[in-house]
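What follows is a short report on a single structure.
Because the structure is predicted, anything quoted here is derived from the model rather than measured. Proteins get letters first, then strands, A, B, ... in listed order; numbering begins at 1 in each.
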There are 2 protein chains.
Amino acid sequence: MTQRNEQQPGPEQPQGESAGEDGYPPEVADFVERLAADLTEAGFPRMPARVFSCLLASESGSLSSAELGERLLISPAAVSGAVRYLSQVHLIARERQPGSRRERYRVHAEVWYEAMTNRDAVLNRWISTFSSGVEAVGPESPAGRRIAESVEFLTFMRNEMAALMERWRTTRRES
Amino acid sequence: MTQRNEQQPGPEQPQGESAGEDGYPPEVADFVERLAADLTEAGFPRMPARVFSCLLASESGSLSSAELGERLLISPAAVSGAVRYLSQVHLIARERQPGSRRERYRVHAEVWYEAMTNRDAVLNRWISTFSSGVEAVGPESPAGRRIAESVEFLTFMRNEMAALMERWRTTRRES
DNA sequence: CGCTTGTTTCACAAATTTGTGAAGTCAACG
DNA sequence: CGTTGACTTCACAAATTTGTGAAACAAGCG
């Protein structure tokens, strides 16, 4: 049987999306699923990964809940859960068009910058945990020195990453 | 200062093994669990996270399967699964002492360097996936440009991280 | 050689996670 | 104001993951 994706032939045309977007060709779907698989393997929850990938591969970078459900063949509830997760970790923004009930979800223009900023919060938490560990085992013990080195490494990383992201940003801007 | 190592002390049999095993005070157990929780939250499987944390907090940086089970109150099977995972991702090394059946699991001396090297492999995979995505959506489309930028970012990161790790290593060595 | 002990494997039970249908909520439109 | 349609929440079913006991396996030791 033909594996064409179900295009809901509703009376309302999905507007807001550029004209070429109406299709969702299999190659794109393949890419979306492959990327989602990579992300999932890295510890990302499945549905958020799929939704994120789908948004990234969309023309305008933003889709409505209905469009997402249509492309990914998932229920509105699944979309809802996924977008809630994604906006909590600041990977997407929700935007409401004034005269419409349709909410649109958009990948942040500087996704990577955002993602890295999130990591920064995690890093700080780890630094705190490791620091408490140094005290717990005693700073003068071998374990204490080992854990203290971890604190140093993480601090190093946090600082360098901040610098790195700044560098990326300016490089981007001038291109 | 007879801070006894995790070394098997002799023919004595550990009876009534509990969390309060000497050489493993509650503060340390707390740290281990807290760190494991942080790692788990970051997508790390639970048992590997606990085992890794426990090794990191141990005096010698290496423990036997029995010792791990004792400290973490888990079955040999759970230890086995966790250490297999950890050695697959190159976070620990297994070492066999010549005259003993006891295998010891050791956190790599340069854990962080190792961890980052792993990330490098993941990065490459992502770069490959994103690259295929550019073709899938068409390089000239907005989506194509968005995904191409991701490829650039990931490549940037891969290169910079390599440089960064080298810098960390030399900084370490000279201290 | 076989016993003894530490480790791995296997099958299964428990717990957690995932995704769905259906009811509920809210706001734009007639 | 009531209707309508888009999104959310809730309770539950399915699927996956986790960890265990028990049996199998291997290697030192008597």
Item checked: side chain to side chain contact (heavy atoms under 4.5 Å, CB included) partners for Ala143(B), two or more places apart -> Glu59(A), Val137(B), Ser141(B), Arg146(B)

Checklist line | Sequence-distant partners of Arg145(B), side chain to side chain donor-acceptor pair (under 3.5 Å), two or more places apart | finding: none

Item checked: Base versus backbone protein contacts along nucleotides 24-30 of chain C [heavy-atom cut-off under 4.0 Å; B, S, -] -> -----S-

Notebook entry, point to check: Which of residues 75-83 of chain A have a heavy atom under 4.0 Å from DNA chain C?
Noted result: Ser75(A), Ala77(A), Ala78(A)

Note to self: Rounding to an integer number of Å, can you tell me how far Glu103(B) CD sits from dG28(D) P?
What the structure shows: 12 Å

Notebook entry, point to check: Starting at CG of Leu72(A) and ending at P of dG19(C), how long is that distance when rounded to a whole Å?
Noted result: 11 Å

Notebook entry, point to check: For the pair made of CD in Gln88(A) and C1' in dT8(D), what is the distance, rounded to whole Å?
Noted result: 14 Å

Note to self: Can you list everything that forms a side chain to side chain contact (heavy atoms under 4.5 Å, CB included) with Asn159(A)? Sequence neighbours excluded, please.
What the structure shows: Thr155(A)

Next item on the list: Take atom OH of Tyr85(A) and atom P of dC7(D), then tell me their distance rounded to the nearest Å.
Entry: 22 Å

Check: Are more than 12 heavy atoms from other residues, nucleotides or ligands located less than 6.0 Å from atom CZ of Arg106(A)?
Finding: yes

Next item on the list: Could you check how far CD1 of Ile74(A) sits from P of dA15(D), rounded to whole Å?
Entry: 18 Å

Notebook entry, point to check: Counting only heavy atoms not in Arg158(B), do more than 12 sit closer than 6.0 Å to its CZ atom?
Noted result: yes

Check: Hey, would you say the Trp168(B) and Phe153(A) ring centroids sit under 6.0 Å apart?
Finding: yes

Notebook entry, point to check: In residues 44-56 of chain B, which ones come under 4.0 Å of DNA chain C, going by heavy atoms?
Noted result: none

Notebook entry, point to check: So, are Glu110(A) and Arg172(A) salt-bridged, with charged N and O less than 4.0 Å apart?
Noted result: no

Checklist line | Arg125(B) with Glu41(A): basic N within carboxylate O range, under 4.0 Å | finding: yes

Check: Does any N or O in the side chain of Arg50(B) come within less than 3.5 Å of the main-chain N or O of Leu72(B), such that one atom is a donor and the other an acceptor?
Finding: yes

Checklist line | Length of the CD-P vector between Glu67(B) and dT5(C), whole Å | finding: 17 Å

Notebook entry, point to check: Reckon Tyr105(A) touches a base, only the sugar-phosphate, or nothing at all at heavy-atom distances under 4.0 Å?
Noted result: sugar-phosphate

Next item on the list: Give the rounded distance in Å between these two atoms: CZ of Arg94(A) and C1' of dA6(D).
Entry: 13 Å

Next item on the list: Would you give the length of the straight line joining atom CE of Met157(A) to atom CG of Leu123(A), rounded to the nearest 0.5 angstrom?
Entry: 7.0 Å

Next item on the list: Work out which heavy atom in Ile147(A) is nearest to a heavy atom in Ala57(B); give both atom names and the distance.
Entry: CD1-CA, 4.2 Å

